[in-house]
Amino acid sequence: MKLLFEKSVQGRKLGLLPVCDLPKVELDDCYVRNQAPRLPELSESDLSRHYSELERRTHGVNNGFYPLGSCTMKYNPAVNEQVARLAGFADIHPLQSADTVPGALEALRLAETMLAEVSGMDAVTLQPAAGAHGEFTGLLLIKKHHESRGDTGRNVILVPDSAHGTNPATAAMCGMRVAHIPSGADGCVDIGKLRAAVGADTAGIMLTNPNTLGIFEKDIAEILEIIHAAGALAYCDGANLNAIMGIARPGDMGFDCIHMNLHKTFSTPHGGGGPGVGAVACKAFLGEFLQDTRVKAFHGNFLVVIRALAYMLTLGADGLRAASETAVLNANYFKKLLAERYTVPHGENCLHEFVISMEKEAAQGVTALDIAKLLIDRGIHPPTIYFPLIVREALMVEPTETESRETLDEAARVFIEIYDAAMADPVLGKVAPQNAAIRRPDEVAAARSPVVRYTW
């Protein structure tokens with residue numbers, strides 16, 4: 001498929017703008033380009049067909065099953081989109097004076113109140129634009145807390161080896177050193193190793209609960225007691241909140257702050273690099289630092305918050321709890337079906353997701369990547385692969401609460417069919433997908449030498 005730049009024809013125009021009825025403003029030379037930007041020149045039909053073709057080549061939850069682990073790719077109600085398009089929300093400007101947007105400000109306050117209740121925290125900021133952005137904000141709060149007490153020697157963040165990949169990167173961006181904590185055979189934090197790692201230089205721990213194996217940290221109370229006894233603080237990565245929302249609150253567990261992905265758990269469509277919100281909630285003693293921890297302009301991605309608010313108001317407390325309970329039920333049901341062929345190395349039961357290991361099969365020529373590619377040909381988006389790193393040949397599966405039993409039954413049938421076919425003939429997985437718009441790219445070359453800019 002050609003890029004818009006490649007379809008460009010010099011002199012071709014998209015449309016005509018009406019004559020501007022405002023006075024022309026001359027900019028200072030320092031703000032004016034020396035030459036016009038080199039942008040594609042296209043007709044309206046060229047542009048329309050281009051994006052329609054992109055849509056046809058894209059797989060979303062409206063196209064089929066999308067069990068991407070730890071990403072909560074669930075159906076997002078259309079009513080939330082309609083609310084976000086209301087003129088009083090969609091047509092306002094961030095530079096408007098506060099007295100002209102009282103409804104929008106009230107919506108933000110209500111969203112903050114409800115998210116504080118869901119998380120068990122006292123204060124909330126809606127500024128962070130993504131999960132990693134929320135992690136960064138949360139760690140800045142922890143860092144400022146220690147600095148305010150003159151405890152500047154605390155520069156180590158403990159990160160379990162089952163953590164999300166952004167956690168250690170975020171800690172490093174905050175000027176912290178990272179100490180990895182191994183998991184035990186049960187997939188949970190090794191308490192003995194944690195005790196050995198904690199010291200006077202520990203600033204805090206970044207912990208995902210439930211963790212990326214889909215397991216609730218059974219020793220969470222002891223873990224947080226160890227951290228707090230050492231004078232450190234506990235940050236909860238809330239990427240997996242879809243498993244416990246309305247059931248268990250991180251604030252009640254003892255966490256000091258948490259980020260929540262409104263673009264995962266609370267309805268805004270997730271993926272594709274679109275706008276998100278990694279709202280951060282914290283206990284009152286950290287709340288005093290929120291005002292000085294500005295990580296994005298204005299109030300963040302406002303309409304993402306509106307979608308989340310519509311979602312919470314529509315479901316209510318009972319509905320949010322039911323969403324989590326159904327996500328857990330679906331994951332355990334799907335796991336039970338796949339266990340006829342696939343190996344799930346950790347835990348008899350899971351929460352919202354589970355991790356398959358293809359290590360045994362890889363020794364016979366069938367890898368996690370092969371299964372992922374074969375699923376594409378059957379209209380199913382692959383699970384997350386090769387993560388978490390503590391599971392060899394990992395497939396991380398999250399069916400979410402919005403899939404029906406019939407969908408899960410059919411998906412399980414496909415998973416088992418392609419497993420049997422690949423094990424009988426490993427070559428099948430090496431040449432898949434056969435029916436996708438993009439076949440088998442050189443993923444190593446793409447990762448090491450990405451081409452992210454068009455050269456004229």
Side-chain angles (χ1 to χ4, degrees), residues 60-62 65-84 110-121 124 126 131 134 208-212 214-216 236-253 258-271 276-279 281 304-336 349-354 381 383-384 396-408 411:
V61 291
N62 56 316
F65 191 41
Y66 206 133
L68 195 66
S70 264
C71 280
T72 315
M73 304 295 277
K74 62 187 181 183
Y75 168 73
N76 300 286
V79 65
N80 303 337
E81 296 295 325
Q82 294 171 353
V83 171
L110 181 57
E112 290 175 355
T113 299
M114 298 185 79
L115 291 171
E117 177 64 24
V118 168
S119 61
M121 298 291 178
V124 174
L126 301 170
T208 307
N209 194 31
N211 63 29
T212 52
I215 299 172
F216 191 90
C236 180
D237 183 322
N240 293 342
L241 192 64
N242 206 52
I244 60 172
M245 174 179 58
I247 300 172
R249 305 194 309 173
D252 297 338
M253 298 175 202
I258 178 177
H259 90 262
M260 294 167 280
N261 291 320
L262 305 194
H263 52 284
K264 289 187 181 183
T265 309
F266 296 97
S267 159
T268 287
H270 172 53
V277 171
V304 176
V305 178
I306 295 300
R307 292 182 183 93
L309 178 59
Y311 183 75
M312 291 187 285
L313 289 173
T314 301
L315 291 184
D318 291 341
L320 293 178
R321 181 185 180 97
S324 293
E325 290 174 337
T326 310
V328 173
L329 176 64
N330 277 0
N332 280 279
Y333 179 70
F334 198 50
K335 173 176 174 284
K336 182 72 173 178
N349 296 312
C350 63
L351 287 185
H352 67 307
E353 66 187 5
F354 57 93
H381 194 286
T384 302
M396 185 198 291
V397 184
E398 181 181 3
T400 78
E401 75 278 9
T402 56
E403 298 296 351
S404 67
R405 179 174 179 176
E406 291 78 15
T407 297
L408 298 181

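- Residues Glu353 and Asn211 share a closest heavy-atom pair of OE2-O, 3.7 Å.
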Item to complete: Could you give me the CA-CA distance, side-chain angles and deciding distance for Asn332 and Cys350, then say whether side-chain contact (heavy atoms from CB on, under 4.5 Å) is met?
Response: CA-CA 6 Å; Asn332 280 279; Cys350 63; 3.7 Å; yes

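- Side-chain atoms of His263 come within 3.5 Å of backbone N or O of Val277 as a donor-acceptor pair.
- Considering all non-hydrogen atoms of both residues, Arg307 and Ala84 come closest at CG-CB, 3.9 Å.
- With values rounded to the nearest 0.5 angstrom, Met312 atom CE is found 9.5 Å from Thr113 atom OG1.
- Shortest non-hydrogen contact noted between Leu351 and Ala331 is O-CB, 3.1 Å.
- Atom CG of Asp318 has 12 or fewer neighbouring heavy atoms from other residues, nucleotides or ligands inside a 6.0 Å radius.
- To the nearest 0.5 angstrom, Thr212 atom OG1 is 5.0 Å from Met396 atom CE.
- Contact record, Met260 with Ser119: SD-CB, 3.9 Å, taken as the closest heavy-atom pair.
- Judged purely by atom type and a 3.5 angstrom limit, Asn76 uses its side chain to pair as donor or acceptor with the backbone of Lys74.
- Between Met253 and Ile244 the shortest side-chain heavy-atom distance falls below 4.5 Å.
- Looking only at atom types and distance, the side chain of Ser70 has no donor-acceptor partner in the side chain of Glu398 under 3.5 Å away.
- The shortest side-chain heavy-atom distance between Val305 and Phe266 does not fall under the 4.5 Å cut-off.
- In this structure a side-chain-to-backbone donor-acceptor pair under 3.5 Å is present from Asn330 to Thr400.
- In the model, Thr72 has no side-chain atom that pairs as donor or acceptor with a side-chain atom of Asn242 under 3.5 Å.
- Using modelled atom types, no side-chain atom of Thr326 and backbone atom of Glu401 make a donor-acceptor pair closer than 3.5 Å.
- To the nearest 0.5 angstrom, Leu408 atom CG is 6.5 Å from Glu403 atom CD.
- Between Gly214 and Pro210, the shortest heavy-atom distance links the atoms C-CB, 4.4 Å.
- Looking at every heavy atom in both residues, Val124 comes nearest to Ala281 through CG2-CB, 3.8 Å.
- Annotation: the span from Cys236 atom SG to Leu241 atom CG amounts to 7.5 Å, rounded to 0.5 Å.
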Worksheet entry | Working for side-chain contact (heavy atoms from CB on, under 4.5 Å), residues Leu126 and Leu115 | CA-CA 10 Å; Leu126 301 170; Leu115 291 171; 3.8 Å; yes

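- Of the possible polar contacts, none joining the Asn209 side chain to the Phe216 backbone as a donor-acceptor pair under 3.5 Å is found.
- When each of Val83, Asn80, Ile306 is paired with Tyr311, the side-chain contact (heavy atoms from CB on, under 4.5 Å) condition holds for Asn80 and for no other.
- Residues Glu81 and Pro269 form a side-chain contact, since some pair of their non-hydrogen atoms from C-beta on lies under 4.5 Å apart.
- Salt bridge Arg249/Glu117: present, at least one basic N to carboxylate O contact under 4.0 Å.
- A distance of 12.5 Å separates CG in Leu329 from OG in Ser324, rounded to the nearest 0.5 Å.
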Worksheet item: Yes or no on side-chain contact (heavy atoms from CB on, under 4.5 Å) for Val328 and Ile247, after CA distance, side-chain angles and deciding distance?
Response: CA-CA 11 Å; Val328 173; Ile247 300 172; 5.8 Å; no

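- When side chains are defined from C-beta on, His352 counts as touching Asn240, because their heavy atoms get closer than 4.5 Å.
- Atom CZ in Arg405 sits 4.0 Å away from atom OH in Tyr333 (nearest 0.5 Å).
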